[in-house]
Number of protein chains: 2
Amino acid sequence: MFRGIFHNSIDEKGRVSIPARFRDQIQNNHSTPLVLTLGFDQCLFLYPSDTWQKIEEKLSSMDSLNAEVRQFQRTIMRATDEVDLDQQGRIVISPVLRKEAGLGKSVVIVGLLNRIEIWDKQKYESYHTQSSQSLELLGQKLSDKGIQDIAF
Amino acid sequence: MFRGIFHNSIDEKGRVSIPARFRDQIQNNHSTPLVLTLGFDQCLFLYPSDTWQKIEEKLSSMDSLNAEVRQFQRTIMRATDEVDLDQQGRIVISPVLRKEAGLGKSVVIVGLLNRIEIWDKQKYESYHTQSSQSLELLGQKLSDKGIQDIAF
DNA sequence: GAATAAGTGGAGAAAAGTGGGGAATATCTC
DNA sequence: GAGATATTCCCCACTTTTCTCCACTTATTC
């Protein structure tokens with residue numbers, strides 16, 4: 001699992017350093033190349049390829065007769081790239097993905113369970129301040145909807 | 001289980017000593033790295049990684065297609081860091097977490113069952129004086145709500 | 001009250017992140 | 001198909017941050 005938050009920057013060539021801690025985890029427990037895809041809420045998801053493969057299996061097991069399923073599949077795969085780490089531990093983000101995710105120079109890289117999320121710094125902050133709700137409240141909402149709670 | 005209360009301080013680099021007793025327990029019975037996260041009531045929770053992993057598994061099992069679930073997951077992981085003990089038995093608390101927990105120079109470190117809590121000293125004291133209620137009264141309240149009682 | 005352990009502080013070494021030049025590869029044009 | 005242009009990818013160098021190490025102070029223990 002990936003944990004922690006890092007503030008890095010994208011250079012003119014579209015390169016970003018992946019935090020060393022994540023790099024180590026990938027090398028020790030996962031397989032490359034990495035898969036970079038446009039995720040939810042206008043940020044990028046970065047997966048080790050073994051994890052991504054499971055997602056693809058689920059995607060392909062969905063009912064393709066359903067038009068909404070097909071659209072979902074296509075929308076995901078449309079914006080998916082394979083990326084490798086260079087010898088400084090960086091990946092290159094294609095202009096297309098940079099644009100789709102609205103990435104400027106400053107980015108936030110967050111470990112989020114089985115994936116790494118890459119956010120434009122401003123977008124990240126507004127995501128968390130605009131809809132700033134206490135953890136307690138969020139938990140309560142989920143609980144009200146019957147989504148299982150978590151024991152801390 | 002972690003027990004006891006300690007008064008330590010944070011230095012300019014954001015380092016805090018973890019009480020030696022806790023360090024021993026972690027080394028003998030648990031796995032590193034440690035996971036530091038913003039908990040309830042504006043204090044930090046410190047978990048050995050094996051304990052934290054159970055929480056992450058629950059987080060992972062939630063439905064990520066639901067926007068509120070994502071927000072919940074991100075709100076937790078946003079304020080979650082991996083930390084290691086240095087050779088003096090200290091951890092570094094990131095500026096973000098220090099700010100979120102309102103940590104000044106003096107902190108209180110409390111063993112609380114399966115986790116270690118880190119409080120700003122003032123916040124800790126006002127938490128316990130403002131809402132000062134006898135243990136008997138607190139127990140009664142829980143009992144009234146049908147929350148199971150405890151056999152002492 | 002001495003001896004030991006625990007906690008605190010700071011300097012130097014190491015690692016991580018950043019930027020840019022240039023070689024190799026690919027693409028395009030004529 | 002050759003040359004020109006563009007792109008990618010190494011590699012090196014610099015800056016900043018992090019970590020390690022050593023020394024000192026405070027607290028416990030016997």
Side-chain angles (χ1 to χ4, degrees), chain A residues 2-28 32-36 44 46 81-99 103-111 116-121 124, chain B residues 2-28 32-36 44 46 49 80-99 103-111 116-121 124:
Chain A
F2 300 104
R3 311 176 187 113
I5 177 171
F6 300 85
H7 294 263
N8 288 355
S9 60
I10 301 185
D11 67 18
E12 289 176 355
K13 298 178 180 177
R15 298 177 298 188
V16 209
S17 275
I18 299 304
R21 206 186 276 273
F22 294 163
R23 269 153 31 201
D24 292 344
Q25 277 177 271
I26 290 164
Q27 285 188 323
N28 294 330
T32 50
L34 303 173
V35 176
L36 186 65
L44 300 180
L46 182 66
D81 253 346
E82 282 191 359
V83 292
D84 278 300
L85 293 165
D86 69 14
Q87 290 189 308
Q88 275 65 38
R90 294 173 289 196
I91 60 168
V92 177
I93 303 178
S94 72
V96 176
L97 284 181
R98 249 180 294 163
K99 191 185 161 203
L103 298 185
K105 186 165 170 52
S106 298
V107 296
V108 177
I109 303 179
V110 194
I116 296 164
E117 291 191 349
I118 302 174
W119 290 74
D120 176 71
K121 192 186 175 196
Y124 183 77
Chain B
F2 301 104
R3 305 184 192 97
I5 177 170
F6 301 85
H7 294 261
N8 287 355
S9 61
I10 302 185
D11 68 17
E12 288 178 355
K13 297 178 180 177
R15 298 178 298 190
V16 209
S17 275
I18 299 304
R21 194 192 299 176
F22 295 162
R23 266 148 41 195
D24 293 344
Q25 277 177 272
I26 290 163
Q27 285 187 324
N28 295 331
T32 51
L34 302 174
V35 177
L36 185 65
L44 300 180
L46 183 66
S49 53
T80 296
D81 230 342
E82 285 189 356
V83 292
D84 280 298
L85 292 165
D86 69 14
Q87 291 188 309
Q88 276 63 39
R90 293 173 289 195
I91 60 167
V92 176
I93 303 179
S94 73
V96 176
L97 285 180
R98 251 180 293 162
K99 190 184 161 204
L103 298 184
K105 186 164 170 54
S106 299
V107 297
V108 177
I109 302 180
V110 191
I116 296 163
E117 293 191 348
I118 302 174
W119 290 75
D120 177 71
K121 193 187 175 197
Y124 184 78

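The chains referred to below are lettered A, B, ... by the order of the sequence lines, with proteins before strands, and numbering in each begins at 1. None of the values given here were measured: they were computed from a predicted structure. Scope of the values below: all heavy atoms of this structure, side chains included, with no hydrogens, waters or symmetry mates.
The residue B:Ile18 sits close only to the backbone: its heavy atoms come under 4.0 Å of sugar-phosphate atoms, none of a base.
Between A:Ile118 and A:Leu36, the closest side-chain pair of non-hydrogen atoms falls below 4.5 Å. No side-chain heavy atom of B:Leu46 sits under 4.5 Å from any side-chain heavy atom of B:Phe2. The side-chain heavy atoms of B:Val107 and B:Lys121, taken from C-beta on, include no pair separated by under 4.5 Å.
Not counting sequence neighbours, A:Ser17 has no partner by the side-chain hydrogen bond (donor to acceptor under 3.5 Å, both in side chains) test. For B:Asp24, there are no side-chain hydrogen bond (donor to acceptor under 3.5 Å, both in side chains) partners, not counting sequence neighbours. Shown here are the side-chain hydrogen bond (donor to acceptor under 3.5 Å, both in side chains) partners of B:Arg15, two or more places apart in sequence or in another chain: B:Asp11. Residues passing the side chain to side chain contact (heavy atoms under 4.5 Å, CB included) test with B:Gln88, sequence neighbours excluded: B:Asp86, B:Arg90. Scored by the side chain to side chain contact (heavy atoms under 4.5 Å, CB included) test, B:Ser94 finds B:Asp81, B:Val96, B:Leu97 as partners (sequence neighbours excluded). Residues meeting the side chain to side chain contact (heavy atoms under 4.5 Å, CB included) test with B:Arg21, sequence neighbours left out: B:Phe6, B:Gln25.
Position along DNA chain C of the nearest nucleotide to A:Asp24 versus A:Lys105 favours A:Asp24 as the more 5'-ward residue.
The local environment of CZ in B:Arg3 is sparse, with at most 12 non-hydrogen atoms from other residues, nucleotides or ligands closer than 6.0 Å.
Note that the first and last nucleotides of DNA chain C, 5' to 3', having any atom under 4.0 angstrom from a heavy atom of chain A are C:dA16 to C:dG22.
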Heavy-atom protein contacts under 4.0 Å, nucleotides 17-30 of chain D, coded B base, S sugar-phosphate only, - none = --BBBB--------
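Axis angle across the helix from C:dG1-D:dC30 to C:dC30-D:dG1, with five pairs used at each end and values rounded to 10°: 30°.
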